[in-house]
Amino acid sequence: MSTAIAVPGQDVNTDAGITLRSLSMDAKAKGLMEQRAAANEDWVALMSRVRDHQDRAAFAALFSHFAPRVKAFLMKSGASESLAEECAQDVMATLWTKSHMFDPTRASVSTWVFTIARNRKIDALRKQRRPEPEDLPWGPEAEPDQADVLALRQESDKLKAAISDLPDKQRDLIERAYYGDLTHSEIAEVTGLPLGTIKSRIRLALDRLRHAMG
Amino acid sequence: MSDVQHHLTDALLMSYASGSLTEGYALVVATHVSMCDECRARLESFEALGGALVDEADSVAMSDDALEATMALIDAAPVFERPEPVASDLPAPVRDYIGGSLSDVRWRAIGGGVRQAMIKTADRTKVRLLSIPGGTAIPDHGHRGLELTLVLKGAFRDEDDRFGPGDIEVATEDLDHTPVAEEGETCICLAATDAPLRFHGLIPRIAQPFIGI
């Protein structure tokens, strides 16, 4: 990246591979960010409360947002209503029992919910095993750097905005891919996905984990 | 591993992230991701796309007692223990299917010093481990459908490229090539094909139905 532009509060990779953190944040950007934070529940904070304090109220808030969405996702993927209900409960239970495996520097809570729901779907609808990549041996850090958590969250918000800005036809194709309606060769026709920046952010988090443990 | 040169395609990562890739191909994809941080980051970005869709999705009301029922599931669940890492010379996804290390693999000779071990999956994809002595060519073959070949140990070359540990070759029907294991260390590959390989040589073609390749 030779034309790196410093964004307030975000890390910037320079050609030398050095990470700079821009310290100034103008009032406008800060205000925007606070608005956004107020509009969205802080799901990561709720997840920490579930993990560290078995906080049932925090879990109830996560449940009321995510469970009905997971149920809809499973029904669109071909599950009956009763199967979707049962699986959505399983998915939400897994969110709790594996809460210490969630790494907010690499995934939003929505993304984590999605991966659990996807695996449950493969198990329940296709009756196939899901080979998973090897876990990183050092696992998520107990106290991740809040700047990294915030940066991932901002990238997730930007991704959501970018997806809703896509032409209807392309967005529809992406949805069909994730609901299991497209074959591998049809998926190969899906191009122009706005994933570059969130991928760089996740890669950075992976590199940091490796260095922290190396 | 940072020296991986040959990576997964976007289509394979998106198919795997969305859960539509069949088990046999998924096993090879998961194994490559275990060896390649770049593809792990790409995979997780495709999962972020799934997360964005779930977040924006419509919702369907849960039953009235759903939260209570879920709390009961949680209370009844055994405490989740992170599994202790098992020492193995194979990446975890393959190890889980083999049930051990390379020394536990039950090889069958398929001629020319080449050995293979089939890995059972629930779908029609054929997955196998191949062991190719250094300097040995795999019989020249074409493909029907998609073929993935991931190097676990050693290296092979074809007409165009070199494939070392962690490198994956994504081949389709139009690729007709002759991979040769590099001199030296035996090359161990994990390969998945959709349809039986089609060998050009006469002897392998006759033997094909019998050796299950």
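Sequence lines set the chain letters: A, B, ... in the order given, protein chains first and strands last, and positions in each chain run from 1.
One finds the CG atom of D75(B) at 11.5 Å from the OG1 atom of T97(A) (value rounded to the nearest 0.5 Å). Here the CD atom belonging to E175(A) is positioned 13.0 Å from the OG atom belonging to S18(B), to the nearest 0.5 angstrom. In this structure, the separation between CG on L195(A) and CD on E44(B) is 12.5 Å, given to the nearest 0.5 Å. With rounding to the nearest 0.5 angstrom, the CE atom of M62(B) is 13.5 Å from the CZ atom of F66(A). Separating the CE atom in M71(B) from the CZ atom in F63(A) is a distance of 10.0 Å, to the nearest 0.5 Å. In this structure, the separation between OG on S185(A) and CG on L146(B) is 9.5 Å, given to the nearest 0.5 Å.
Side chains of F114(A) and L49(B) form no contact here, defined as non-hydrogen atoms less than 4.5 Å apart. W96(A) is not listed as a side-chain neighbour of L73(B), based on a closest heavy-atom distance of 4.5 Å or more. Annotation: side chain of Y178(A) is not in contact with side chain of V54(B) (no heavy-atom distance under 4.5 Å). With contacts defined as side-chain heavy-atom distances shorter than 4.5 Å, the pair P133(A)/Y16(B) qualifies. Within the 4.5 Å cutoff, the side chain of I202(A) has heavy atoms near those of the S45(B) side chain. Residues S15(B) and I187(A) are in side-chain contact: their nearest non-hydrogen atoms beyond the backbone lie under 4.5 Å apart.
Both the backbone and the side chain of D90(A) come within contact range of chain B, each with at least one heavy atom under 4.5 Å from a heavy atom of that chain. Of the two parts of T31(B), neither the backbone nor the side chain holds a non-hydrogen atom closer than 4.5 Å to a non-hydrogen atom of chain A. With a 4.5 angstrom heavy-atom cutoff, D10(B) does not touch chain A via any of its atoms. Using a 4.5 Å cut-off between heavy atoms, A26(B) contacts chain A through both its backbone and its side chain. Heavy atoms closer than 4.5 Å to chain B are found nowhere in A107(A), neither backbone nor side chain. Heavy-atom distances place both the backbone and the side chain of L12(B) under 4.5 Å from chain A. For a residue to count as touching a neighbouring chain, one of its non-hydrogen atoms must lie under 4.5 Å from one of that chain's; by this rule V109(A) does not touch chain B.
Side-chain atoms of E23(B) do not come within 3.5 Å of backbone N or O of Q128(A) as any donor-acceptor pair. Proximity of a side-chain donor or acceptor of R69(A) to a complementary backbone N or O of S59(B) within less than 3.5 Å is not detected. With R118(A) contributing its side chain and A17(B) its backbone, the two residues share a donor-acceptor pair below 3.5 Å. Panel note: side chain E85(A), backbone S63(B); a donor-acceptor pair is recorded below 3.5 Å. Side-chain atoms of S34(B) come within 3.5 Å of backbone N or O of E134(A) as a donor-acceptor pair.
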**Request:** Show your reasoning for whether salt bridge (charged side-chain N to carboxylate O under 4.0 Å, His left out) applies to D58(B) and K76(A).
**Result:** CA-CA 10 Å; D58(B) 309 329; K76(A) 280 188 184 158; 3.6 Å; yes

**Request:** Could you go through the side-chain contact (heavy atoms from CB on, under 4.5 Å) check for L193(A) and M14(B) one step at a time?
**Result:** CA-CA 11 Å; L193(A) 295 172; M14(B) 190 169 172; 3.8 Å; yes

**Y97(B) vs R129(A), side-chain contact (heavy atoms from CB on, under 4.5 Å): CA-CA, chis, key distance, verdict** = CA-CA 10 Å; Y97(B) 275 79; R129(A) 254 171 95 172; 3.5 Å; yes

**Message:** salt bridge (charged side-chain N to carboxylate O under 4.0 Å, His left out), that's the test. Do K199(A) and E38(B) meet it? Break it down for me.
**Reply:** CA-CA 9 Å; K199(A) 191 229 72 177; E38(B) 179 63 15; 2.6 Å; yes

**Request:** Determine, step by step, whether F59(A) and T70(B) satisfy the side-chain contact (heavy atoms from CB on, under 4.5 Å) criterion, reporting the C-alpha distance in whole Å, the side-chain angles of both residues, the deciding distance to 0.1 Å, and the verdict.
**Result:** CA-CA 10 Å; F59(A) 183 73; T70(B) 304; 4.0 Å; yes

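Counting heavy-atom pairs closer than 4.5 Å to chain B, the top residue among E189(A), H100(A), M75(A) is H100(A). Top candidate by heavy-atom pairs under 4.5 Å with chain A, chosen from L53(B), V79(B), T121(B), is L53(B). Your options are L136(A), T191(A), D181(A), and the one with the most heavy-atom pairs under 4.5 Å with chain B is L136(A). Comparing A72(B), G19(B), A122(B), A52(B) by heavy-atom pairs within less than 4.5 Å of chain A, the highest count is held by G19(B). When each of A66(B), P91(B), A69(B) is scored by its heavy-atom pairs under 4.5 Å with chain A, the top score falls to A66(B). Comparing R171(A), K121(A), E186(A), M101(A) by how many heavy-atom pairs each has under 4.5 Å with chain B, the most go to M101(A). Interface summary for chain A: among R42(B), E56(B), H32(B), R40(B), the most heavy-atom pairs under 4.5 angstrom belong to R40(B). Of the listed residues Q54(A), K98(A), R130(A), M92(A), the one with more heavy-atom pairs under 4.5 angstrom with chain B than any other is R130(A).
Enclosure of atom CG in D65(B) by more than 12 non-hydrogen atoms of other residues, nucleotides or ligands within 6.0 angstrom is indicated.
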